[in-house]
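What follows is a set of notes on a single structure, which appears directly below.
Here is how names work: the chains are called A, B, and so on, in the same order as the sequence lines, proteins then strands, and each is numbered from 1.
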Amino acid sequence: VIPPVVVYGGGPAALATALALAERDIAVDLVGPLPAWRWPVQEEGGMNGAGEPAQHLTDTLRAGGARVAHAPVAAMVNAAPSLLHWLARAGVPWQDGRRRLPGATAEHARFVEAQTARQVAMALERQLARRDGVRRLERHDLCALARDDAGAVRGVVVQDLFSREVVALDASAVVLATGGPLLGLGGRLGGPCPEVALAIAARAGALVRDADVVGASLASFAASGRRWLLSGALRAEGARAWVPLDAREARLGRDVPRREREGLAEDLDSTEEAAAAVAWRLLGEERGVFDRKARRNTPLFYLDASHLPEEHLRGRLASELDLYERLVRASPYREPLKVAPAAWGTLGGVSVDHATSAEGALAPDSPRNHATSVAGLWAVGGCTGLYRGGARLSGNELCADLFGARLAAGAVAIALDAARAADARATALEATRRDAERAFARLAEREDGAPEGGPATLHAEIRAALEAWALARTADGLREAAERVAAVRKRVERARAPRGQAVLLRSVDAMATVASILIASARTGAATAEGVVVRLDASGEVTQVGVAPRSVRAAADAALEPASPGGLDDDRALDVGDAGAPPLARAVEATDPVDPAPEPPPTEPRGRAAPDKRGPARLRVRVLRQDGPAASATRRWERFEIDRRPAMTVAEVLDAIAAGGERRAVPVAWDAACQPPACGACAMRVNGRAALACTTLVDDVSPGRRVLELAPLAKHPVLRDLVVERARLDRDVARMALHPRAGDGDSPAAAEPRETDRLRLELARCTRCACCIDACPSIHAEGAFVGAAAIAEARLADLSPDGAGERAGRLAALMAPDGIVACGQAQSCLEICPEEIPLDEALAAAARGTTLAWLRSLVGGGARG
Amino acid sequence: VTAAPNAPPRAPATGASRTFALRKLASLGGAGPATAALVGACWLHGRALDGPVALASALEAASRHAWWWQPLVLAPLALHAGYGLTLCVRTDYNASRYGHARNWMYIFQRATGVVALLLVVHQLYAFWLPVQRGSLPPALARDALVAMLSSTAGGVPWLAMGYLLGLAACALHLGYGLWTFGVGWGLTAGRRAQRWSAVACTLVGIAVFGWSAHTLVALATGWRLGAPAGAPAGACPAPEGAP
């Protein structure tokens with residue numbers, strides 16, 4: 001029996017890889033620290049492939065510069081139209097029209113509001129749910145790659161994040177598909193950590209490529225103690241970036257006449273270029289938005305969409321703009337957004353190979369495609385550097401994920417070797433498992449530490465060190481970042497963690513390792529346009545830095561080009577930027593966009609908990625806690641007290657509890673994955689009502705001195721504290737909503753993305769947060785009623801282009817005892833849904849469909865669609 | 001290792017489940033036969049306002065045809081009631097946390113269902129069964145009805161008040177039940193249709209309550225809508241011996 005292929009990840013790349021392998025009847029273990037598809041995703045603005053392929057390729061090559069690997073990128077561009085078509089058949093509700101994303105010269109992108117990547121991930125999840133042979137190991141994090149004596153990967157060692165059990169998984173191949181390393185810039189400690197996989201792969205000998213190429217977002221806004229990145233969609237729809245001509249302009253943005261505005265980055269399409277240019281203008285020239293209270297200029301600029309029709313914006317960007325409106329309490333439809341450029345992570349990653357034919361085209365039938373420099377290890381998606389040049393064009397990342405997944409699955413299928421010695425694999429696995437167990441035991445000994453200097457502090461310091469340099473990229477900034485990262489790395493080795501949080505030490509260790517890769521890469525990167533690869537030793541130290549080879553295999557077989565051991569002191573790499581320029585990096589750091597929270601509109605107070613003269617207001621919090629899934633006896637209310645800030649979200653409260661917890665207290669466990677409210681993972685009961693922690697404002701639910709009460713959703717099994725197991729919901733959704741299997745062939749219904757009706761788009765917003773289930777009075781016990789989410793999903797499947805294919809099956813499922821007939825029409829789901837989905841319409845349509853089918857069956861026998 | 005297997009969903013081989021059919025029939029029983037029974041009862045008791053003979057005549061006609069309408073009404077009503085009681089038990093009452101109007105109506109629907117059931121059982125026991133058994137001759141039915149409704153305890157007409165409450169519950173249950181029937185059967189799928197059906201069902205509920213409450217008040221007190229101001233108060237005199 002051939003062991004399964006282990007796919008590590010949970011976003012579009014991982015789901016697409018698992019699906020492509022399953023389609024080849026290869027058993028898959030899909031492993032990740034969060035349930036699949038709830039991972040954070042990027043590229044919400046759109047997916048390229050709808051335009052002219054030749055122009056798409058030209059734009060891609062232009063955006064990627066010299067670092068583009070031509071053959072795979074050209075193949076990806078050629079495959080993009082069929083990938084879009086396939087996704088349409090898989091249920092992605094593409095909106096009508098196309099979008100010209102930043103960096104493109106034409107409208108290449110299809111889109112779904114500002115949530116394209118999430119819709120793609122959901123479509124892949126629906127397809128995967130219909131496949132045999134995929135085992136999901138959720139809430140398991142990667143500890144090590146098990147390698148045999150020859151260095152080939154024979155399995156992985158993972159750890160159950162709740163029970164802490166360290167488990168060895170036999171694998172015929174391992175595919176890393178974690179998405180791009182965020183380097184702590186945009187990520188949140190405690191969520192999925194792509195750096196862990198990258199650091200483990202690098203320590204196992206995998207080359208890392210182009211780590212110095214930092215991805216930037218033109219616009220981010222600060223609210224509730226966090227930074228929220230905006231996609232490029234708003235700019236693509238016609239929003240203008242500007243600052244007042246007068247640096248001390250005291251009027252509100254909406255009151256500044258057009259002639260007194262100065263446009264920013266109007267001639268720069270690329271997001272990275274625009275972000276860097278705007279950062280220079282704001283910091284180097286001290287332009288920006290004048291803060292009337294502080295009497296100083298802040299490095300923010302206006303992103304103005306108020307000249308666009310509100311209806312148009314709501315139709316295309318509601319998910320993103322409504323979030324801004326909710327958190328900042330200013331209308332992005334009527335006044336300009338106050339935003340700042342931000343760096344969010346590296347576009348580089350594990351270096352992977354590709355095979356070419358004699359003519360130089362991609363050879364799809366080669367086991368070398370997407371293979372890393374370590375035998376038995378493949379990598380796909382944002383964690384690789386293969387398409388990194390190509391991915392620099394906005395809208396290409398999803399193409400790379402899906403195309404790469406298919407290519408890698410084909411490569412793995414070819415490479416699977418049933419003749420590998422089973423005993424050698426078992427030996428390697430068990431030894432690695434024991435090593436990982438010992439390593440974790442050492443980490444666990446460092447628990448019970450004081451919160452200061454712990455993982456949260458170190459994460460913030462890594463972020464600050466890199467962020468200061470990432471946008472402006474001066475020599476001084478790089479030198480300082482290198483020093484700070486080196487200092488943090490030393491502290492990581494002896495840092496202590498709060499009780500139960502040793503895993504976070506592993507995360508910050510990986511972040512620090514990847515940060516040092518980035519620094520080493522950046523120091524050499526300036527000297528070459530071809531790209532840089534970095535090699536680590538087993539302890540995570542950079543041993544070699546060199547020019548990216550044409551073939552990873554060549555690099556694995558032969559030594560890298562001579563470079564600087566250690567890499568950090570190579571002076572030739574420091575010839576970047578203008579040494580005589582003002583210390584911009586320091587300015588960036590001093591004006592961290594997290595800190596200057598946008599000024600509240602004068603008409604609406606931002607909170608009712610302003611600090612009084614006796615000091616900051618305090619917020620009393622009660623949390624219903626439980627130690628484990630089978631530990632209902634440990635259920636108890638615990639009290640916490642934290643400083644209360646205006647416009648504070650519940651997520652911020654939980655972060656504050658974790659950061660300032662008592663020495664002996666185990667931080668409260670809660671699920672969180674994404675930046676925007678796109679994953680639904682953080683749903684919980686807030687003062688008795690189901691709500692998302694990430695967007696629920698404390699001022700709204702606990703005004704004044706009212707205690708904030710947090711409890712897990714009550715109708716799902718509790719895993720720990722506020723974390724619940726929602727696998728049943730996923731199963732119910734899959735059972736009720738049989739989505740047609742999307743094939744590669746042509747489908748007349750999906751040949752052209754049809755005029756998407758509003759209902760379909762709205763239904764597709766469901767994040768399966770389970771709030772509707774918690775609020776439904778008809779669900780008194782397990783199995784009573786599947787809930788509105790599953791019914792809405794069934795309706796969505798009905799409306800998909802190939803929806804008629806499985807309609808009879810869906811009707812039969814909806815007519816089960818826990819189907820639509822169990823709905824009591826209390827419409828609590830409609831009231832509570834965070835996405836404001838018209839669930840009542842879905843329920844009514846399901847009622848009509850099942851009634852007609854039942855009546856027909858009475859007359860003619862058998863339910864028909 | 002705790003792993004969630006990815007078992008591909010399989011559609012049930014057959015069409016509607018037995019539960020689906022039973023619930024549909026229970027719902028239909030409420031919207032059809034139970035509504036007909038309520039309207040029929042209103043009509044029957046309303047005949048009492050025209051005098052003992054009119055009521056006796058109506059009762060005799062109803063008894064004559066009881067062989068066909070009783071099973072047609074009582075069996076669905078029993079199914080509807082049984083299903084409703086099951087729902088009362090199997091509900092997560094959460095209006096204290098989710099206090100929107102529909103959720104309160106969801107709870108009222110169950111509560112009014114129980115009250116309506118009590119009213120029906122009492123009326124069957126105290127009025128219809130004696131008529132069927134012959135212990136209450138149709139000619140005396142009106143007097144018995146008046147005596148029952150005008151009886152007091154401690155000067156308070158508890159029974160009439162209970163009946164009034166029961167009729168209100170019946171009307172609310174009917175109105176909201178018709179609305180949920182429309183939604184549950186897919187007759188009113190759109191929001192506009194649901195809005196208009198809510199208006200129509202509210203009017204039906206008000207009409208039924210007005211009709212039945214008028215009959216009740218007239219039987220209990222003798223006051224009658226549209227009666228001449230100078231008409232004797234004892235248009236429906238209490239029988240001898242009544243308190």
Side-chain angles (χ1 to χ4, degrees), chain A residues 29-30 128-138 160 165 167 169 688-689 727 731 734-735 738 775-781 784 806 808-813 815-817 819 821-828 831-832 838 840-841 843-845 847-854 857 862-863, chain B residues 1-28 83 87-110 176-177 179-191 193-194:
Chain A
D29 279 351
L30 183 57
L128 194 59
R130 299 216 55 192
R131 295 284 173 177
D132 283 313
V134 180
R135 187 173 63 144
R136 295 172 190 248
L137 289 106
E138 297 168 345
D160 186 320
E165 183 187 8
V167 180
L169 296 177
R689 288 169 64 95
R731 283 198 297 274
R735 180 165 57 91
L738 290 172
C776 180
S778 296
I779 303 176
H780 61 94
E806 299 278 7
R810 283 194 298 276
L811 280 172
M815 291 157 89
V821 80
C823 172
Q825 285 123 30
Q827 297 192 345
S828 295
E831 289 289 322
I832 203 69
D840 55 335
E841 292 182 39
L843 292 166
R848 172 174 282 184
T850 50
T851 303
L852 287 174
W854 178 58
S857 73
Chain B
V1 176
T2 54
N6 197 54
R10 308 276 184 230
T14 58
S17 65
R18 186 189 301 168
T19 309
F20 181 90
L22 273 175
R23 288 185 176 185
K24 281 285 179 198
L25 289 175
S27 156
L28 187 64
Y83 173 60
L87 284 186
C88 286
V89 178
R90 296 181 180 175
T91 290
D92 173 24
Y93 296 100
N94 60 9
S96 59
R97 287 183 283 116
Y98 303 100
H100 56 276
R102 286 255 179 268
N103 203 16
W104 279 113
M105 289 304 293
Y106 176 86
I107 291 172
F108 287 155
Q109 185 68 356
R110 277 138 189 79
Y176 190 67
W179 183 83
T180 56
F181 175 81
V183 177
W185 279 66
L187 303 174
T188 51
R191 281 190 175 168
Q194 288 182 15

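Interface remark: Trp104(B) contributes no atoms to any contact with chain A (heavy atom separation under 4.5 Å). In this structure, no portion of Phe108(B) lies under 4.5 Å from any heavy atom of chain A. Proximity to chain A (any heavy atom under 4.5 Å) is shown, for Gln109(B), by neither the backbone nor the side chain. If you measure heavy-atom distances from Arg191(B) to chain A, the contacts under 4.5 Å come from the side chain alone. Neither the backbone nor the side chain of Tyr93(B) comes within less than 4.5 Å of any heavy atom of chain A. Proximity to chain B is absent for every atom of Ala781(A), based on heavy atoms less than 4.5 angstrom apart.
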Worked check of side-chain contact (heavy atoms from CB on, under 4.5 Å) between Gln827(A) and Tyr98(B)
CA-CA 10 Å; Gln827(A) 297 192 345; Tyr98(B) 303 100; over 6 Å; no
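Residues Asp29(A) and Arg135(A) are in side-chain contact: their nearest non-hydrogen atoms beyond the backbone lie under 4.5 Å apart. Proximity of Lys24(B) to Leu28(B): side-chain heavy atoms (C-beta onward) are nowhere separated by under 4.5 Å. Annotation: side chain of Tyr176(B) is in contact with side chain of Arg102(B) (closest heavy-atom distance under 4.5 Å).
Each of Ile107(B), Thr19(B), Asn94(B), Leu187(B) has some count of heavy-atom pairs under 4.5 Å with chain A, and the biggest count is that of Asn94(B). Contact tally against chain B (heavy-atom pairs below 4.5 Å) for Pro817(A), Gly824(A), Cys823(A): the top residue is Pro817(A). Looking only at heavy-atom pairs under 4.5 Å with chain B, the residue among Asp840(A), Leu843(A), Leu30(A) that has the most is Asp840(A). For the set Pro777(A), Ala847(A), Ala826(A), the count of heavy-atom pairs under 4.5 angstrom toward chain B peaks at Pro777(A).
The closest donor-acceptor contact from the side chain of Arg689(A) to the backbone of Arg97(B) lies under 3.5 Å.
Summarising the geometry, atom CG belonging to Leu22(B) is positioned 12.0 Å from atom OG belonging to Ser27(B); distances are rounded to the nearest 0.5 Å. For the atom pair SG (Cys776(A)) and CD1 (Ile832(A)), the distance works out to 12.0 Å, reported to the nearest 0.5 Å.
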